[in-house]
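We use all heavy atoms of the structure for the numbers below, so side chains are in, but hydrogens, waters and symmetry mates are not.
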Amino acid sequence: MFALDHSFAEALPSMSVEASGADFPDPQLVVLNEELATSLGFDISWLRSDDGLRWLTGAHGGHATAYAGHQFGQFVPLLGDGRALLLGDLPSPSGRVEIQLKGSGPTPFSKPGSDGRGALGPMLREYLVSEFMHATGVPTTRSLAVLTSGEQVLRQQGPVPGGVVVRVARSHLRVGSVQYAATQSADLVAAVVEAAGFASAEELLRTVMERQLDLVAQWLNLGFVHGVMNTDNTALSGETIDYGPCAFTERFRTDACFSSIDAHSRYAFGNQPDIMAWNLSRLAEALLPVSSLEAVQEILGDMEAVWHRVWADRVPDPSALGRADDITTYNREHHGGPVFVPRNQMLESAITAAERKGDLAQYRELLAAVTDPYNAEAGPAWMAEPEGDLPYVTFCGT
């Protein structure tokens with residue numbers, strides 16, 4: 001068994017609980033990120049073995065972590081990993097990283113009636129889109145593998161194959177982690193601040209504000225719509241996390257919204273900067289047990305200036321971008337933008353073929369293109385062409 005450290009559980013024992021993945025009948029690898037696996041020191045042949053597959057689905061155990069969060073504006077004091085399992089952490093070329101499973105089965109934090117599983121389609125979406133974001137330099141969690149669980153799960157579309165994604169992140173601490181700590185004690189807030197690598201609450205707030213506003217500017221430049229910007233999906237690391245209902249708008253259309261669970265378009269494309277500002281204000285509130293109102297207000301007072309600076313850095317010609325018929329084409333022709341992005345219809349077609357027919361040919365072709373997105377030879381020419389921003393709905397997989 002590949003040995004990991006358990007730094008999260010050791011630093012924040014009151015925010016983690018031991019758990020194991022479900023006993024899946026026949027887990028099989030669908031896609032494995034061999035380059036990432038090798039860089040982390042994994043033995044590829046072991047990962048593909050029966051014991052490796054069991055480890056990748058959580059059979060050897062890990063921890064589920066506690067957090068709170070505002071979900072669509074409503075505060076929930078305890079959410080936690082209801083279908084995720086933190087296997088542990090290990091060193092990487094860019095610093096320590098955590099390995100977490102999504103869709104690995106129920107945990108003590110699962111909602112009543114939840115199966116804790118994931119559907120294969122959303123897991124394939126997370127793998128491909130997160131690896132595209134990494135290839136374009138956008139801070140993001142990465143994907144190590146996607147597996148089928150060997151069973152069917154019931155979702156909006158009916159029974160679909162179950163799936164698990166293995167995620168790699170600098171940290172899974174999030175705004176919701178600080179919010180949960182604030183409901184418990186000032187000492188726990190201070191422990192989260194320390195576990196996140198900061199010397200003070202003020203340093204954390206200012207750094208996370210810079211990271212997250214810069215991240216949103218990069219999203220807008222790509223036409224990326226996250227789809228579920230709850231505070232529990234806002235990472236202190238500044239990485240994009242949780243790709244469940246994400247999509248891309250081809251035009252700089254502020255009302256673009258694709259998520260089936262975002263009935264009021266709270267997280268529409270053009271709302272993302274304001275929502276992030278709102279999330280950062282909630283972070284500031286949660287830090288008050290170990291800071292002061294004056295200190296956090298002073299930092300938040302700089303938010304508009306920070307936004308204008310990162311916006312200017314990431315989107316050098318916003319008015320022209322807004323008039324462009326296709327964001328990707330404009331960026332490619334005017335600003336070293338990607339040739340290939342995971343456009344909605346082609347990604348949906350590839351996922352549908354994989355999920356319903358077991359045919360991964362389209363998926364692998366698209367994956368090859370978007371993980372080498374600046375190379376016009378990485379995929380067929382038609383993959384670089386606009387689709388027309390057609391109506392589209394995404395489902396989060398829960």
Side-chain angles (χ1 to χ4, degrees), residues 94 129-130 132-141 170 175 198 202-227 229 231 233-241 243 246-257 265-284 295-343 370 373-374 386 389:
S94 58
V129 180
S130 65
F132 162 74
M133 298 289 262
H134 172 73
T136 57
V138 177
T140 181
T141 60
R170 287 170 52 197
V175 171
F198 296 98
E202 295 77 23
E203 182 190 12
L204 182 151
L205 180 59
R206 187 171 293 281
T207 303
V208 174
M209 181 175 74
E210 291 265 354
R211 288 173 175 172
Q212 287 291 343
L213 293 177
D214 186 48
L215 179 65
V216 171
Q218 292 179 73
W219 290 355
L220 297 182
N221 194 40
L222 288 172
F224 178 74
V225 188
H226 184 276
M229 289 177 64
T231 57
N233 292 331
T234 304
L236 301 182
S237 66
E239 295 174 309
T240 311
I241 189 170
Y243 287 87
C246 72
F248 288 83
T249 177
E250 292 193 345
R251 301 196 58 148
F252 209 82
R253 186 164 58 82
T254 58
D255 64 346
C257 181
S265 297
R266 175 181 174 86
Y267 300 136
F269 177 67
N271 290 350
Q272 292 179 126
D274 287 341
I275 289 296
M276 186 53 70
W278 192 89
N279 288 353
L280 291 166
S281 296
R282 305 291 77 75
L283 173 61
V296 300
Q297 284 180 332
E298 180 181 355
I299 294 169
L300 293 179
D302 293 335
M303 190 184 304
E304 187 173 359
V306 172
W307 170 251
H308 286 302
R309 171 167 51 78
V310 298
W311 177 245
D313 288 344
R314 299 297 185 180
V315 188
D317 193 359
S319 61
L321 185 58
R323 295 191 300 270
D325 289 331
D326 180 62
I327 292 173
T328 304
T329 302
Y330 176 83
N331 281 329
R332 181 171 72 242
E333 293 177 351
H334 296 280
H335 299 298
V339 176
F340 300 106
V341 300
R343 296 178 186 268
V370 301
Y374 300 97
D389 218 13

Does any N or O in the side chain of Asp389 come within less than 3.5 Å of the main-chain N or O of Glu250, such that one atom is a donor and the other an acceptor? yes
Kindly state whether the ring of Phe248 and the ring of Phe132 have centres lying under 6.0 angstrom apart. yes
Heavy atoms of Gly238 and Pro139 approach each other most closely as O-CB, 3.4 Å
Asp302 meets the side chain to side chain donor-acceptor pair (under 3.5 Å) criterion, sequence neighbours left out, with Arg206
Supply the atom-to-atom distance Phe224 CZ to Phe269 CZ, rounded to the nearest 0.5 angstrom. 10.5 Å
Taking the side chain as C-beta and beyond, is there a heavy-atom pair between Thr140 and Val129 under 4.5 Å? no
To the closest 0.5 Å, what do you measure between NE2 (His308) and CG (Leu213)? 11.0 Å
Going by side chain to side chain donor-acceptor pair (under 3.5 Å), name the residues that satisfy it together with Arg211, two or more places apart in sequence or in a different chain. none
Side chain to side chain contact (heavy atoms under 4.5 Å, CB included) between Leu215 and Gln212, intermediate numbers included: CA-CA 5 Å; Leu215 179 65; Gln212 287 291 343; 3.6 Å; yes
When rounded to the nearest 0.5 angstrom, what distance separates CG in Asn279 from OG1 in Thr234? 4.0 Å
Taking only residues two or more places apart in sequence or in another chain, which ones pass side chain to side chain donor-acceptor pair (under 3.5 Å) with Gln272? none
Mind listing the closest non-hydrogen atom pair of Ala268 and Thr254 along with its distance? CB-O, 3.7 Å
Tell me every residue that passes side chain to side chain donor-acceptor pair (under 3.5 Å) with Thr329, counting only those two or more places apart in sequence or in another chain. Asp326
Taking the side chain as every heavy atom from C-beta outward, state whether Phe198 and Leu205 have any atom pair closer than 4.5 Å. no
Quick check: does any side chain N or O of Asn331 sit under 3.5 Å from a backbone N or O of Leu222, one acting as donor and the other as acceptor? no
Minimal heavy-atom distance between Met303 and Leu280, with the atoms involved, is CE-CB, 4.0 Å
Take Ser281 and Leu300 through the test side chain to side chain contact (heavy atoms under 4.5 Å, CB included) and record every step on the way to the result. CA-CA 7 Å; Ser281 296; Leu300 293 179; 4.2 Å; yes
Drop me the distance from His334's NE2 to Leu321's CG, to the nearest 0.5 angstrom. 10.0 Å
Quick one: sort the Tyr243 and His226 rings into parallel, tilted or perpendicular, breaks at 30° and 60°. tilted
For Leu220 and Pro273 the tightest heavy-atom approach is CD1-CG, 3.7 Å
Going through the distances and angles, do Met229 and Trp219 end up as a side chain to side chain contact (heavy atoms under 4.5 Å, CB included)? CA-CA 12 Å; Met229 289 177 64; Trp219 290 355; 3.8 Å; yes
State, to 0.1 Å, how close Asn233 and Ile241 come at their nearest heavy-atom pair, and which atoms those are. O-CG2, 3.2 Å
Indicate yes or no for a side-chain donor-acceptor contact from Arg170 to the backbone of Ser237 under 3.5 Å, with no hydrogens or angles considered. yes
With a 4.5 Å cut-off on side-chain heavy atoms, are Val225 and Tyr267 touching? no
When you measure from the side chain of Thr249 to the backbone N and O of Ala256, does any donor-acceptor pair fall under 3.5 Å? no
Inter-residue atom distance Arg282.CZ - Thr231.OG1, 0.5 Å rounding: 9.0 Å
Val370 and Pro342 have their tightest heavy-atom pair at CG1-N, 3.8 Å
Using a 6.0 Å cut-off, check whether atom CD of Glu203 has over 12 heavy atoms from anything other than its own residue. yes
Is there a side-chain contact between Cys257 and Arg266 in this structure, where contact means two heavy atoms from C-beta onward sitting under 4.5 Å apart? no
Residue list, salt bridge (Lys or Arg N to Asp or Glu O under 4.0 Å) with Arg251, at least two apart or on another chain: Asp325
Quick check for you: to the nearest 0.5 Å, what is the distance between Met133 atom CE and Thr141 atom OG1? 9.5 Å
Please table the atom pairs, donor to acceptor, closer than 3.5 Å between any side-chain atom in residues 309-317 and protein atoms at least two apart or in another chain.
unit_1	atom_1	unit_2	atom_2	d
Arg309	NH2	Glu210	OE1	3.0
Arg309	NH2	Glu210	OE2	2.8
Arg314	NE	Asp214	OD1	2.8
Arg314	NH2	Asp214	OD2	2.9
Asp317	OD2	Tyr330	OH	3.1

